[in-house]
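These notes concern the structure reproduced below.
In what follows, chains carry the letters A, B, and so on, assigned in the order in which the sequence lines appear, proteins first and then strands, with residues in each chain numbered from 1.
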Amino acid sequence: STIVLIFEAPKDFNFNLKPGQKIHFGEAVGSL
Amino acid sequence: LHAASTNLAVKVRPLYVLLGTGGGYAGYKQYESYKDSRLEKLGIEIPPKLAQTWEVALYKTVPTRLLSRAWGRLNQVELPTWLRKPVYSLYIWTFGVNMKEAAVEDLHQYRNLSEFFRRKLKPQARPVCDSHSVISPSDGKILHFGRVKNCEVEQVKGVTYSLESFLGPQTWTENQLQKTSFQDQLVTQDGNELYHCVIYLAPGDYHCFHSPTDWNVHHRRHFPGSLMSVNPGVAKWIKELFCYNERVVLTGGWKHGFFSLTAVGATNVGSIQIYFDRDLQTNSPRYSKGSYNDLSYITNNNQDGIVMRKGDQLGEFNLG
């Protein structure tokens, strides 16, 4: 199964992620 | 004896041919993936090898929905207490489940594999990050993330799918005819961009999902569809995979405009539950592939829709 998030945000939105990384619920995806 | 041996040869030959071609194809695929992994180790980027149309068509002929429902039924059978520990232990060992973080660690308490699969976590196991506006809604592996460009989203790097096919026509808000592309129709504020993030949940992961931010859910769209595997290897192989599969799209708004969360089903994990939506029924034979069913959470009495706070329980995936 997969979860896909699609959202609008200002241009300075930054992801705190690396492709392939393991993530847990509650951990940061990104912010402004 | 001679006649019998001739008959046997006629009967067996097609099987040999099938085994030979199937084995040869599997061997060839293995060799290809071995070669690619060698090149990747050397730092050479390999363009994804997409499935041919006939390969996708062949895969689509597999009755994945039927298999998924049968798998679901099987896993709802209550296991005798003596069998629970060995069955779940095998699952834990195979998929690397961390039972120390499960709310119920005693394996005998889970009546069947389905219940075990839906296990909850201890409250302190997943602290919700306060400093970031978007958090991960679930455990999993990040397959891809970034900006949406040219109305195309990437399921893994270099393998795209159409944003419009994935979300369906934009009918949940007032139609914005003056905007040209589907992507522009979703962006509500000037200067904003559209972003995406794909999280793959492996079989051993916690399979509930939560609200990734503070937002209002306005609309649900359920796409009945195939239930092909969504593991990263298949996502790399089949273009538009997420548009073929059964999924539930929740759309709404957050402080910066449009926000959506989509739960995509797979063969083993065919049904999706949204806790605040009792009408939703996924992986059901009464729905045919290729259609979609809409429900608006905005009513005359409730203009806000469903108010979700970051980390709130939103739904879960179920076996079959």
What part of B:Pro127 gets within 4.5 angstrom of chain A, counting heavy atoms only: side chain, backbone, both, or neither?
backbone
Tell me, out of B:His207, B:Lys255, B:His144, who's got the most heavy-atom pairs with chain A below 4.5 Å.
B:His207
Tell me which of these, B:Leu194, B:Val198, B:Val269, has more heavy-atom pairs under 4.5 Å with chain A than the rest.
B:Leu194
Return yes if some donor-acceptor pair links the side-chain N/O of B:Arg126 with the main-chain N/O of B:Ser138 below 3.5 Å, else return no.
no
With a 4.0 Å cut-off, would you call B:Lys141 and B:Asp205 a salt bridge?
no
Region of B:Tyr195 in contact with chain A, defined by heavy-atom distances below 4.5 Å:
both
Nearest non-hydrogen partners of B:Gly265 and B:Asn245, listed with the distance
O-ND2, 2.9 Å
Pick whichever of A:Ala28, A:Pro10, A:Pro19 has the most heavy-atom pairs under 4.5 Å with chain B.
A:Pro10
Counting heavy-atom pairs under 4.5 Å with chain A, which one of B:Ile272, B:Asn192, B:Leu250, B:Val230 comes out on top?
B:Asn192
Any ion pair linking B:Lys120 and B:Glu316 (charged N to carboxylate O, less than 4.0 Å)?
yes
Residue pair A:Val29 / B:Cys197: nearest heavy atoms and the distance that separates them:
CG1-SG, 4.4 Å
Side-chain touch B:Leu280/B:His222, heavy atoms, less than 4.5 angstrom:
yes
Under 4.5 Å to a heavy atom of chain A? For B:Trp254 that would be side chain
Evaluate side-chain contact (heavy atoms from CB on, under 4.5 Å) for B:Arg118 paired with B:Asn318, printing each intermediate quantity in order.
CA-CA 7 Å; B:Arg118 293 194 308 267; B:Asn318 289 177; 3.0 Å; yes
Would you say the ring centroid of B:Phe209 lies under 6.0 angstrom from that of B:Phe317?
yes
Among B:Ile199, B:Val128, B:Val156, which residue forms the greatest number of heavy-atom pairs with chain A at distances under 4.5 Å?
B:Ile199
Measure distances from B:Tyr200 to the heavy atoms of chain A and classify the residue's part below 4.5 Å as side chain, backbone, both or neither.
both
Side chain, backbone, both or neither: which part of B:Leu163 has an atom under 4.5 Å from a heavy atom of chain A?
side chain
Pick whichever of B:Gly140, B:Gly257, B:Ala263 has the most heavy-atom pairs under 4.5 Å with chain A.
B:Gly140
